[in-house]
There are 2 protein chains.
Amino acid sequence: MGRHKGYDREEVLEKAMHLFWRKGYEGAHLQELVEVTGLNRFSLYKEFRGKDGLYEAAVDHYLGGLRHLSEVLNREPLGMANILEEVRLVVFSDFPYGCFMTNALTQQEVLNERIRKRVRDFVTASEQMVLKNLEAARLRGELSPDSDLAGLAKFIVTFDIGIVTFSTTQPTQEDKRRIYENFRLMLTRGTGVQSPGSGEASDAPAVLVNRTR
Amino acid sequence: MGRHKGYDREEVLEKAMHLFWRKGYEGAHLQELVEVTGLNRFSLYKEFRGKDGLYEAAVDHYLGGLRHLSEVLNREPLGMANILEEVRLVVFSDFPYGCFMTNALTQQEVLNERIRKRVRDFVTASEQMVLKNLEAARLRGELSPDSDLAGLAKFIVTFDIGIVTFSTTQPTQEDKRRIYENFRLMLTRGTGVQSPGSGEASDAPAVLVNRTR
DNA sequence: AATATTTTTCACCTATCGTTCTGAAAAATA
DNA sequence: TATTTTTCAGAACGATAGGTGAAAAATATT
């Protein structure tokens, strides 16, 4: 009953998300959102009830997409290799606009409280995923028993946030190689873990990664 | 000759900078800027040629302020201790709005080309300051002769960017302590350098620090 | 005191913001 | 086919954005 929708909600969200991603909440004007999504204003309001709602839906869309993107940190066997792989993917991502969620961290003053909480919770969730791998790593003897795992998880997430933001300066491939290699050395020598060595980028996803599609 | 200005340029810039800092370029509306600076629209336009000019002047103001703020990385004797001290100050800063310049990194799409370059150059300059300390550290035997100093500098700056951004999640003092301690362990054990140990925050300034005044 | 010079005040401008409304087109149901 | 339901395209909404012009107010010079 009724006319068919001329748009696909997920496609619209994907496009809207990318505009918010590049321009930020205030920087992404409704006119641009209409143009880039192809969705007209009326339908946009009916579906998302305004700019706030669209942004919030875009956050959900991003988070939903992360379910399969976080597979690196969730895949067995858990341990340091997963963490290094995740960081490697983040470092070698070619998307130069940071991370949708961590960009939002510096926009909290113009976001409503609910979204602000969502954004902060994302950081906590990332920590938890890293921590899970660290705990497994300790059980497997990759880390000394007295390591501060929670602190180490925070350190790693902090570095992730740093690298996605640093990526906006358009570092060269060589720059990225050196940054990752130094991180790997720090982490392995600093914790005494066995290292899987450095490598090239792949298309696989990561937690704080710059999703390009 | 003529009437006195009812405002102090530096004070105006300080206040404008803080609003841009918290809200971002698009998020800081002219009306708010007028209210917070106390300067009326016309005088604001006359002095700074509009919002762009004001933002650019605020960047200059910030950078100017950093001249004496970068003293930690520039003070003798150069070496790893300076770097650890600088990171420590960044970590323990209580200002929860990130760093004015690194926040701008994620707003590049709404900034004009000149400012964008200014912002990126800031990152490069920070790298150079860290690098200078690393080179001195190598000469002093704090680092092995075959270390990749430029890469290590990028790693450290990346971590700095990460921590100022992470600070927007309002981490506890204990969280900060653990993050810094893990960074210190990574850096010292990862490079084999002598560590000065961890400590509390001081009021001294730093390079990527959150300036609160 | 008079004049010149500069800053400030305040009203107003146009453009665009996010939002809402209207009427017509299209598809599903009766 | 007629009716209902929903989407679509666009105009129009009030509010506010950033930017400006002319006159008033205040200071410095003569």
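In what follows, every chain begins at residue 1, and chains take the letters A, B, ... in the order their sequences are listed.
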Rounded to the nearest angstrom, tell me the gap between atom CG in B:Leu19 and atom C1' in D:dA17. 15 Å

From the list C:dT8, D:dG18, D:dA9, which nucleotide is the closest neighbour of the side chain of B:Arg41? D:dG18

Between CG of B:Leu33 and C1' of D:dG18 the distance, given in whole Å, is 11 Å

Between D:dC8, D:dA22, D:dG19, which one does the side chain of B:Leu30 approach most closely? D:dG19

Rounding to a whole Å, what distance do you find between B:Glu47:CD and C:dT7:P? 8 Å

Can you check the B:Arg9 CZ to C:dT7 P distance for me, whole Å? 13 Å

Will you find, in the side chains of A:Gln108 and B:Arg22, an N or O donor that is under 3.5 Å from an N or O acceptor? no

Counting just side-chain N and O atoms, does B:Tyr45 come under 4.0 Å of either OP1 or OP2 of D:dG19? no

Looking at B:Leu39, is its backbone amide N or carbonyl O close enough to the side chain of B:Ser43 to form a donor-acceptor pair, meaning the two atoms are under 3.5 Å apart? no

With rounding to the nearest 0.5 angstrom, report the CZ to CD distance, B:Phe122 to B:Glu127. 11.0 Å

Going through the distances and angles, do A:His18 and A:Phe95 end up as a ring pair (Phe, Tyr, Trp, His ring centres under 6.0 Å)? CA-CA 11 Å; A:His18 269 98; A:Phe95 193 65; 5.8 Å; yes

A:Lys51 has a side chain; which of C:dT9, D:dG19, C:dG18 sits nearest to it? C:dG18

Looking only at C:dG18, D:dA22, D:dT7, the nucleotide nearest the A:Lys46 side chain is D:dT7

Grab the OH-P distance between A:Tyr25 and C:dG18 for me, whole Å please. 8 Å

Give one of base, sugar-phosphate or nothing for A:Tyr7, where a contact means two heavy atoms less than 4.0 Å apart. sugar-phosphate

Interatomic distance where CZ belongs to B:Phe48 and P belongs to D:dG19 [whole Å]: 14 Å

Aromatic B:Tyr25 / basic B:Lys51 pairing, under 6.0 angstrom, 45° off normal: yes

What dot-bracket string describes DNA chain C from 5' to 3', counting Watson-Crick and G-U wobble pairs whose defining distances are under 3.5 Å, with [ ] for crossing pairs and | for pairs to another strand? ||||||||||||||||||||||||||||||

So which nucleotide from C:dT9, D:dA17, C:dC17 ends up closest to the side chain of B:Gln31? D:dA17

Compare side-chain N and O positions of B:Ser43 against OP1 and OP2 of C:dT8 and report whether any pair is under 4.0 Å apart. yes

DNA chain C: A:Phe42 or A:Ala28, which has the more 5' nearest nucleotide? A:Ala28

Checking B:Phe159 against A:Phe155 for the ring pair (Phe, Tyr, Trp, His ring centres under 6.0 Å) test, could you report, in this order, the C-alpha distance in whole Å, the side-chain angles of both residues, the deciding distance, and whether it holds? CA-CA 9 Å; B:Phe159 181 75; A:Phe155 167 84; 5.2 Å; yes

Is any side-chain N of the basic residue among A:Glu181 and A:Arg178 closer than 4.0 Å to the acidic one's carboxylate O? no

Nucleotide C:dA24, atom P - distance to CG of A:Asn40 in whole Å: 17 Å

Atom CG of A:Leu44 and atom P of C:dT20: how far apart are they, to the nearest Å? 12 Å

